[in-house]
Amino acid sequence: MSVMGRSLLRAAAEAFGGGVLVLAAFRLIDQVGGALPMHTRAALTLVALALFVVRRRSPEVALLGMGVLLGVMSCLGVLMAVTAYTVSHQLAGAGRRAAVLFGAGALTVLTAGASVYREGYGSWQYGLTLGAVLAAVAVLVPGLVGASAGQQQRLLAALRERAAAAEENRRLAESESRIHERSRIAAEMHDLVGHRLSLISLHAGGLEMALRSRGGEGADELRESAGQVRTATRDAMHELREALGVLGPLSRDTGTGALTDATGTRADIEALVAESRAGGVPVGFRWTGPDTVDREARVRRAVHRVVREALTNVHRYAAGAAVEVRIEHTADSVTVRVANGAPVRPPAAGSAGSAGAPAAGIGTGRGLNGLRERVALLGGDLTAGPDPAGGFAVRARLPAVPPTAAQTDAERAKDRTPGPAGAAARRLRRAPLLIPLAQAASGLLGLAGIGATLMFGLQFVGQARPLNYSPPRPPELGMTRQQVEAAGVYDEKMARAAAAGHEPVRPPGAGECVYPFSRETDSRDRLELTRYCFRGDILIQIIRFEVPMVPMGPAAPSSSSSVSPTPSGSSRE
């Protein structure tokens, strides 16, 4: 669903919910605006719902407009409470928020005083008192609660942001310190041990050259031994530099010639397989998916190391066993599997049982431990173990895009927070709906409390109305149209339609006539109506008459006879 569609759906849901709130409060909270015509109430309710929908986009306009409408219709109090809470929660500036709340409350008080006085429900002082109750309960209290909740939410968001930044800085600092420490250890080992090995190789080469120049009995054997020492030293130096590459920074390798553009690619693995076949080991090879040329260097290096280590250990400890190398490359991962069958002859003492795994009581298993560490640093996993046929299998799964060091540390630290705080955080992650449900329940309880407080407050103020209050005079001849309307007399279309063709003759000079709400008589087939006729702006006639009432049931009589109206009342010519 598009953004526009979601906005329209949300607006429709809010309008529906606001309408439900207004209907629920219509019968309970109706101290102000009770004498308004039904069409006026409906129009004001629609305006209030429109302001309620746009309260997030135009908070000031919505709150001030609702303040005016609340003073005219007290049944909008619950809707006003929700608007005040939302607007105060949204506005960040304390001065701006206070000004809007004060303005909405003042408008509510003023319009309530004017409405009560205009309807004749009481004095303007009594109207101001009702408006003060409405403003305090429906504007100020929800506004203060919303402001407090908004401040708390913004404070928590800032604290979470600061805590996340501090945690990220700590992880980065720890990761960087580990990398520096490992690099320092690698450099020291390379300088110290490498220097000694270089001296050994140098002296062995010098000894070989001296024996070659002197000759004599036994010189050939000594020269051969010196050559072997020099070769072994050179190989040891090469292996030391490759091993130190594990301690170095993860983004590079320190081994001599250890990493090239082809390392870990399909051509590189095929070359390793070809070397093993040349050594007499039957190796099967299968590659699934695209080449790994575009993958990071550390991923390709790990693929190369897993295959090379497994094949090397097959040469050492499972000579003659058939080997199967499988690599599966997808968009998410690179899976390497090297499996060998049972060896042709049992391994010698001090060797491992198969591809990098120590047999029971044989070998150290350092090869597998090194591979596990390398794969784990990339966010992958490595499994190795014997199979029922007597062979051994090594399987490594590497992410195609490995995480950074800080991300890896964050994953390891996840769900490890000790104490009650960690347990509470884990419970919240396992139950993500608890917070929204609790907030919804709190909101409903708050609305119920606001509605009850508003209803009882208005009732208490109504009971405290001054005793010298006198209701508006009933309509009398000679009154103006405004005085008649102040007495609650308004034209009703249904009553006018019922009087058509059945009303008495209008007095001479009469202009417009008003037909207010009607009431039934004791008779079941007649309806009593009252007509108020004006000459200009002065009431000149009040007359009551009866008209036939249309039956509502299916057995309505088909008689079309009309009944002559029976007028009763007074008139002034």
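Position 1 is the first residue of the sequence; numbering continues from there.
Here the CG-CG distance, from Leu70 to Leu79, works out to 9.5 Å after rounding to the nearest 0.5 Å. Distance check: Thr83 OG1 to Arg56 CZ gives 9.5 Å after rounding to the nearest 0.5 Å. Within the model, atoms CG of Asn169 and CZ of Arg171 stand 10.5 Å from one another, a figure rounded to the nearest 0.5 Å. The CG atom of Asn340 sits 11.5 Å away from atom CD of Glu324, with the distance rounded to the nearest 0.5 Å. One distance of note links CD1 of Ile269 with CZ of Arg266; it measures 11.0 Å at 0.5 Å rounding. The CZ atom of Arg170 sits 10.0 Å away from the CG atom of Leu172 when rounded to the nearest 0.5 Å.
With hydrogens and angles disregarded, no donor-acceptor distance shorter than 3.5 Å links the side chain of Ser88 to the backbone of Gly146. Here the side chain of Arg308 pairs no donor or acceptor atom with the backbone of Arg305 at under 3.5 angstrom. In this structure, Ser148 contributes its side chain and Leu144 its backbone to no donor-acceptor pair below 3.5 Å.
In this structure, Leu64 and Gly103 approach most closely via the heavy-atom pair CD2-C, 3.7 Å. Leu49 approaches Ala15 most closely through the heavy-atom pair CD2-O, 3.8 Å. The two residues Gly105 and Ala135 have their closest heavy-atom pair at O-CB, 3.7 Å. Residues Ala81 and Pro142 share a closest heavy-atom pair of O-CB, 3.4 Å. Nearest heavy-atom pair across Leu76 and Met66 is O-CE, 4.5 Å. Leu378 and Pro399 make their closest contact through O-CG, 3.0 Å (heavy atoms, listed as atom of the first residue, atom of the second, distance).
Looking at heavy atoms from C-beta onward, Val54 lies out of side-chain contact with Val61 at the 4.5 angstrom threshold. Under the 4.5 Å side-chain criterion, counting only non-hydrogen atoms from C-beta, Ile327 is in contact with Val303. Counting heavy atoms from C-beta on, the side chains of Leu91 and Glu60 come closer than 4.5 Å. The side-chain heavy atoms of Leu311 and Val325, taken from C-beta on, include a pair separated by under 4.5 Å. In this structure, the side chains of Leu101 and Leu63 come closer than 4.5 Å at one or more pairs of heavy atoms.
The pair Glu328-Arg337 fails the salt-bridge criterion, with no side-chain N (NZ, NE, NH1 or NH2) lying under 4.0 Å from an Asp/Glu carboxylate O.
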Inset, instruction - Let me see the working for His304 and Leu272 under side-chain contact (heavy atoms from CB on, under 4.5 Å), right down to the final yes or no. - result: CA-CA 9 Å; His304 174 90; Leu272 292 177; 3.7 Å; yes
Inset, instruction - Would you check, one step at a time, whether the test side-chain contact (heavy atoms from CB on, under 4.5 Å) holds for Leu69 with Val47? - result: CA-CA 9 Å; Leu69 295 178; Val47 175; 3.9 Å; yes
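Residue pairs meeting the side chain to side chain donor-acceptor pair (under 3.5 Å) criterion with at least one partner in residues 281-295, sequence neighbours excluded, are Arg295-His329.
Heavy atoms of other residues, nucleotides or ligands lying less than 6.0 angstrom from CD of Gln90 number more than 12.
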